[in-house]
Amino acid sequence: MPELPEVEIERRNLERWFRKRRIVSAEAEKTRTFRGANRKAFESLRGRLVDASRKGKYLLLSFEGGRGLLAHLGMTGKFVRRSAPASEPYSRARFFLDNRQVIHFRDTRLFGRMEPVDAAQLWQLAPIRSLGRDPLTDGLTPAQLKEALGGTRQPIKVALMDQGRIAGLGNIHAAEALYRARIHPARKPSSLREAEWSKLCSAILATIQFGLEEQDSEEIEYVEEPGTENPFLIYGRAGERCRRCGTVIQSFVQAGRTTHFCPKCQPRRRVG
DNA sequence: ACCGCTGTTCTCCG
DNA sequence: TCGGAGAACAGCGG
């Protein structure tokens, strides 16, 4: 899925789609989407969306009457807007609005999750409280980055994907940020110099900004979807040439995830 | 037809 | 306590 930029676009979409609109009814299939949560509570949601927030990859939605909804898009989840009565493939849950439009939660692989809760509880939920700072909404300085990642012996890319340290980066954007900062994904955080923490911090923010611009459309798109051009600098480009130096981009598996890097721009051992 | 890959997170095991 | 492996699921390409 959806990493920070895609989830942020979804947040903005929901705000826009719900503006001045009311939910007149809601329904949900009996799927894994709700796990142990209360699916019937989802189906009883009504009225206006009064707040759409995001932390990391989570969406925190508040509705009229103090009802709330925590949502995570998993790998393939997305919200899409359709005109009634169009059916939507893999729609797992949907809101019917008072303008005859339908907001579907569409999720092929069912890694996504939704959990109806009291709106007042949203920020107190364990998965939210356990998150590290969100670079976009909480800001991120080089010192904060070093504080969050410096204490672990995990490889820097693995640490970047740890939502409890920094919230929102996943496999793609972690690789993109490291490429921009010219840091090898397997480097130990303790080996980073001050200048590298600064570069990495800027690179994270630039990567997020790029992602937001890239995804700024009616519907978020994932690279694997047919007909989608790979917009990324390094992710998914193994075997192609680095656009900075022409070296062939390589990949390896790290913590179970494929990691892409340029062997020349991102040397394994620190230089100098 | 089968195998292996996919941007997430959680649980279990050593 | 930490880190890695596997699981949850469906589709797609080789």
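Values below: every heavy atom of this structure, side chains too, minus hydrogens, waters and symmetry copies. Naming convention: chains lettered A, B, ... in sequence-line order (proteins, then strands); numbering from 1 in each chain.
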Worksheet entry | Distance, C1' atom - from C:dA8 to B:dA1, rounded to whole angstrom | 24 Å
Discussion item. Would you measure the distance from the P atom in C:dT1 across to the matching atom in B:dT9 and give it in whole Å?
Written reply: 23 Å
Nearest to the [X] side chain among [options], which nucleotide is it?
{"X": "A:T152", "options": "B:dT8, C:dG3, B:dT6", "answer": "C:dG3"}
{"X": "A:Y235", "options": "B:dT8, B:dC10, B:dT6", "answer": "B:dT6"}
{"X": "A:F111", "options": "C:dG4, B:dT9, C:dC9", "answer": "C:dC9"}
{"X": "A:T258", "options": "B:dT6, C:dA8, B:dC10", "answer": "B:dT6"}
{"X": "A:A255", "options": "C:dC9, C:dG4, B:dT8", "answer": "C:dG4"}
{"X": "A:K57", "options": "B:dT8, C:dA10, C:dA8", "answer": "B:dT8"}
{"X": "A:Q154", "options": "C:dG3, B:dT9, C:dA10", "answer": "C:dG3"}

Item to complete: Please state whether the rings of A:H260 and A:Y235 are parallel, tilted or perpendicular, taking 30° and 60° as the class boundaries.
Response: perpendicular
Discussion item. Under 4.0 Å, counting only non-hydrogen atoms across every strand here, what does A:G170 touch: a base, just sugar-phosphate, or nothing?
Written reply: sugar-phosphate
Worksheet item: Does A:E64 pair with A:R22 as a salt bridge, N-O distance under 4.0 Å?
Response: yes
Worksheet entry | CZ on A:F111 to NE2 on A:H72, rounded to 0.5 Å | 12.0 Å
Worksheet item: Going from CE on A:M161 to CD1 on A:I166, what distance comes out if it is rounded to the nearest 0.5 angstrom?
Response: 13.5 Å
Worksheet entry | Base-pairing string, 5' to 3', of DNA chain B - Watson-Crick or wobble, under 3.5 Å, | interstrand | .|||||.|||||||
Discussion item. Side chains of A:R39 and A:T31 only: does a donor on one sit below 3.5 Å from an acceptor on the other?
Written reply: no
Worksheet item: Start at the 5' end of DNA chain B and walk down; is the nucleotide closest to A:P127 or to A:G256 reached first?
Response: A:G256
Fill in: Stepwise side-chain contact (heavy atoms from CB on, under 4.5 Å) test for A:F42 and A:T33
CA-CA 11 Å; A:F42 176 90; A:T33 300; over 6 Å; no
Discussion item. Can you say whether a donor on the side chain of A:R113 sits under 3.5 Å from an acceptor on the base of B:dT9, or the other way round?
Written reply: no
Worksheet item: So, is A:H72 near the phosphate of B:dT8, with a side-chain N or O under 4.0 Å from OP1 or OP2?
Response: no
Fill in: Contact under 4.0 Å: A:T76 side-chain N or O vs B:dT8 OP1/OP2
no
Worksheet entry | Working for salt bridge (Lys or Arg N to Asp or Glu O under 4.0 Å), residues A:D98 and A:R21 | CA-CA 6 Å; A:D98 58 2; A:R21 301 266 69 105; 2.7 Å; yes
